[in-house]
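Contents: one structure, followed by commentary.
The chain is numbered in sequence order, starting from 1.
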Amino acid sequence: MLFRDLFEDYSNALRPVEDTDKALNVTLQITLSQIKDVDERNQILTAYLWIRLSWFDAYLQWDRDEYDGLDSIRIPSNMVWRPDIVLYNKADDEFSEPVNTNVVLRYDGKITWDSPAITKSSCVVDVSYFPFDNQECNLTFGSWTYNGNQVDIINAMDTGDLSDFVENVEWEMHGMPAVKNVITYGCCSEPYPDVTFTLILKRRSSFYIFNLLIPCLMISFLAPLGFYLPADSGEKVSLGVTVLLALTVFQLMVAESMPPSESVPLIGKYYIATMTMITASTALTIIIMNIHLCGAEAKPIPQWARVVILDYMSKIFFVYDVGENCTSSQNDDSDSKSEDSIHSYDDYERENDVYGNYKCPASGSETFVCDFDIQKKLNSQVAGNFGVQCEMPERPYCFHCIHYKVLVSNVEYITNWYKEQKAISAKGIEWKKVAKVMDRFFMWVFFSMVFFMSILIIAKAV
């Protein structure tokens with residue numbers, strides 16, 4: 001009987017007010033149940049909401065005493081007038097109708113309509129500090145056709161209801177304040193009120209730290225170790241190229257999930273800086289390899305390089321001579337250099353003076369006169385310094401002098417060849433030591449750069 005009496009002359013197409021000049025107040029309350037997805041690339045927020053609207057219908061009131069104390073009934077929502085409250089920043093492809101749930105109608109005409117909704121709204125995502133970023137996404141609700149003089153929206157609460165919120169695995173909810181706005185659009189002169197709920201989100205960065213940041217950090221520390229590799233191993237340039245390719249893969253993974261905007265994420269900047277550093281280290285490795293492979297055709301080391309690199313920097317970076325065992329004492333007989341080896345150009349100059357002290361004349365001299373005891377003297381002197389002690393006695397020319405003359409010529413040839421090889425070896429060994437000192441220098445420089453870049457990204461994250 002109550003239902004028949006209420007809807008006998010009722011029309012749900014008309015705004016239910018007794019005075020049409022007065023605005024109908026609609027109370028809005030939003031309960032956030034779950035954040036389903038935040039699509040950074042398409043900048044869309046997908047959320048599961050419970051929307052509660054309440055208003056007073058002047059034509060749906062009754063006296064409880066006349067209807068056996070009945071104070072409320074539940075009827076389909078399409079039977080009563082409903083405010084056309086919609087989500088202004090809706091980003092769904094299909095414009096869906098509100099869910100046709102029941103409304104609660106009270107005896108004093110108050111109607112409460114609770115409806116669930118899965119909304120897709122536009123959200124401006126700022127990825128400058130990804131993966132340590134905070135995002136603010138707005139949900140703006142308002143009437144689509146009624147202006148503020150016809151339907152006025154009132155906040156039920158200063159914030160959205162988060163009592164039934166289900167935690168998201170990627171985002172932390174830090175609040176949902178609500179603000180009422182009254183805007184006058186260019187199309188119309190009447191004011192249009194709306195209520196904007198702002199979702200304050202903070203990204204959970206643990207997943208990205210363990211899957212993107214820490215691997216990049218470990219790979220970055222491999223790049224300076226390329227300078228520590230021996231130049232003869234042939235893998236110095238290969239290591240730099242391999243590390244560069246690995247970082248490129250991580251960079252592509254980050255780029256696929258980010259929106260194509262001018263705002264470069266923090267981790268992307270770190271990747272670019274690291275890739276630039278590795279490219280520079282690979283180029284320097286190629287230059288140092290060329291220095292290491294300098295041979296007989298190379299010029300002597302400049303004096304400033306000899307003083308700065310060989311005398312000072314080699315001691316600072318604990319660079320030993322090429323071929324010397326760096327794990328044992330230099331005075332150890334088992335690991336010390338042999339007497340015939342030359343490790344620097346200065347050693348070569350000192351030994352060069354020894355070969356210039358021979359007292360014998362040239363092999364082609366016509367006044368050459370030898371002693372009968374020269375074989376004994378040769379045997380004793382060759383064992384000492386590869387030289388022969390020749391004399392100019394007053395006895396006549398002997399038959400054996402021709403053979404000793406040939407012998408002296410051969411010894412001179414061997415000595416000259418040995419001196420040339422010593423010079424070539426000394427020059428090449430010095431250039432190798434220069435390359436080794438530069439390797440150690442750049443290794444510590446790039447280690448410092450990687451360390452400070454890591455500290456910088458952590459400081460910005462905090």
Side-chain angles (χ1 to χ4, degrees), residues 6-7 10-32 47 49-62 71-91 95-117 119 121-122 136-163 175-199:
L6 289 175
F7 292 94
Y10 182 80
S11 173
N12 59 2
L14 301 177
R15 187 166 57 96
V17 290
E18 294 179 351
D19 188 356
T20 56
D21 294 333
K22 294 182 178 180
L24 177 64
N25 295 327
V26 177
T27 304
L28 173 65
Q29 178 181 342
I30 299 296
T31 300
L32 179 61
L49 307 176
W50 296 343
I51 303 174
R52 168 169 287 191
L53 298 174
S54 60
W55 64 94
F56 285 90
D57 194 320
Y59 304 118
L60 296 178
Q61 300 177 2
W62 71 90
D71 59 355
S72 64
I73 59 174
R74 287 163 176 80
I75 57 177
S77 59
N78 58 357
M79 297 187 65
V80 299
W81 176 90
R82 296 178 300 185
D84 56 347
I85 305 297
V86 296
L87 180 63
Y88 279 179
N89 56 335
K90 186 179 180 65
F95 191 84
S96 57
E97 294 290 335
V99 181
N100 191 20
T101 57
N102 289 340
V103 298
V104 180
L105 175 60
R106 289 174 53 87
Y107 68 95
D108 56 354
K110 182 180 181 180
I111 298 177
T112 302
W113 181 28
D114 292 326
S115 62
T119 62
S121 59
S122 59
E136 293 185 358
C137 296
N138 295 328
L139 297 174
T140 302
F141 293 90
S143 176
W144 191 251
T145 58
Y146 293 106
N147 57 50
N149 298 325
Q150 297 170 330
V151 173
D152 190 15
I153 302 177
I154 301 173
N155 296 343
M157 302 170 60
D158 292 335
T159 63
D161 187 6
L162 301 176
S163 59
M176 189 179 176
V179 177
K180 179 181 178 180
N181 305 301
V182 179
I183 302 175
T184 302
Y185 296 97
C187 64
C188 313
S189 60
E190 297 85 0
Y192 282 83
D194 63 66
V195 177
T196 300
F197 295 87
T198 303
L199 279 69

Q: Could you check D194 against I183 for side chain to side chain contact (heavy atoms under 4.5 Å, CB included), going step by step and ending with a plain yes or no?
A: CA-CA 8 Å; D194 63 66; I183 302 175; 3.5 Å; yes
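- Closest of all the heavy-atom pairs between K22 and R15 is O-NH1, 2.9 Å.
- With rounding to the nearest 0.5 angstrom, the CD atom of Q29 is 8.0 Å from the CZ atom of F197.
- With S77 as reference, N100 is the one residue of T101, N100, D114 to meet the side-chain hydrogen bond (donor to acceptor under 3.5 Å, both in side chains) rule.
- The CG atom of N78 lies 9.0 Å from the CG atom of N102; values are rounded to the nearest 0.5 Å.
- Rounded to the nearest 0.5 angstrom, T159 OG1 and I30 CD1 are separated by 12.0 Å.
- Heavy-atom minimum distance, L105 versus W62: O-CH2, 3.6 Å.
- The ring-ring contact (aromatic ring centres under 6.0 Å, His included) test applied to Y10 returns F7, not counting sequence neighbours.
- When side chains are defined from C-beta on, S122 does not count as touching N138, because their heavy atoms never get closer than 4.5 Å.
- Although no hydrogens or angles enter the test, the distance criterion places a donor-acceptor pair under 3.5 Å between the side chain of Y88 and the main chain of S143.
- Residues L28 and I51 have side chains in contact (heavy-atom distance under 4.5 Å, counting atoms from C-beta outward).
- Summarising the local packing, CG of D158 is surrounded by 12 or fewer heavy atoms from other residues, nucleotides or ligands at distances under 6.0 Å.
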Q | W81 vs L14, side chain to side chain contact (heavy atoms under 4.5 Å, CB included): CA-CA, chis, key distance, verdict | A | CA-CA 7 Å; W81 176 90; L14 301 177; 5.9 Å; no
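- A distance-only check finds no donor-acceptor pair linking the side chain of R52 to the backbone of T112 [under 3.5 Å].
- Side-chain contact between I73 and L6 is present, with heavy atoms from C-beta onward closer than 4.5 Å.
- A donor-acceptor pair is defined here as one N or O able to donate and one able to accept, closer than 3.5 Å; such a pair exists between the side chain of K180 and the backbone of I153.
- Residues A178 and V195 approach most closely at CB-CG1, 4.4 Å, considering heavy atoms.
- Closest non-hydrogen pair, V151 versus V26, comes out as CG1-CG2, 3.7 Å.
- Using a 4.5 Å heavy-atom cutoff, the side chains of L87 and S121 are in contact.
- Here the side chain of D152 pairs no donor or acceptor atom with the backbone of P193 at under 3.5 angstrom.
- Of the possible donor and acceptor atoms, one in the side chain of Y59 sits under 3.5 Å from a partner among the backbone N and O of V17.
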Q: Verify side chain to side chain contact (heavy atoms under 4.5 Å, CB included) between M176 and L139, making sure each step is shown before the conclusion.
A: CA-CA 10 Å; M176 189 179 176; L139 297 174; 4.3 Å; yes
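- Remark: side-chain polar atoms of Q61 are not paired, donor with acceptor, to backbone N or O of Y107 under 3.5 angstrom.
- Within the 4.5 Å cutoff, side-chain heavy atoms of I111 are placed close to those of W55.
- Minimum heavy-atom separation, A47 to L32: CB-CD1, 4.0 Å.
- A salt bridge links D108 to R106: at least one charged side-chain nitrogen sits closer than 4.0 Å to a carboxylate oxygen.
- A donor-acceptor pair is defined here as one N or O able to donate and one able to accept, closer than 3.5 Å; no such pair exists between the side chain of D57 and the backbone of V80.
- Residues forming a salt bridge (Lys or Arg N to Asp or Glu O under 4.0 Å) with D161 (at least two apart in sequence, or on another chain): none.
- Closest of all the heavy-atom pairs between N12 and M79 is CB-O, 3.6 Å.
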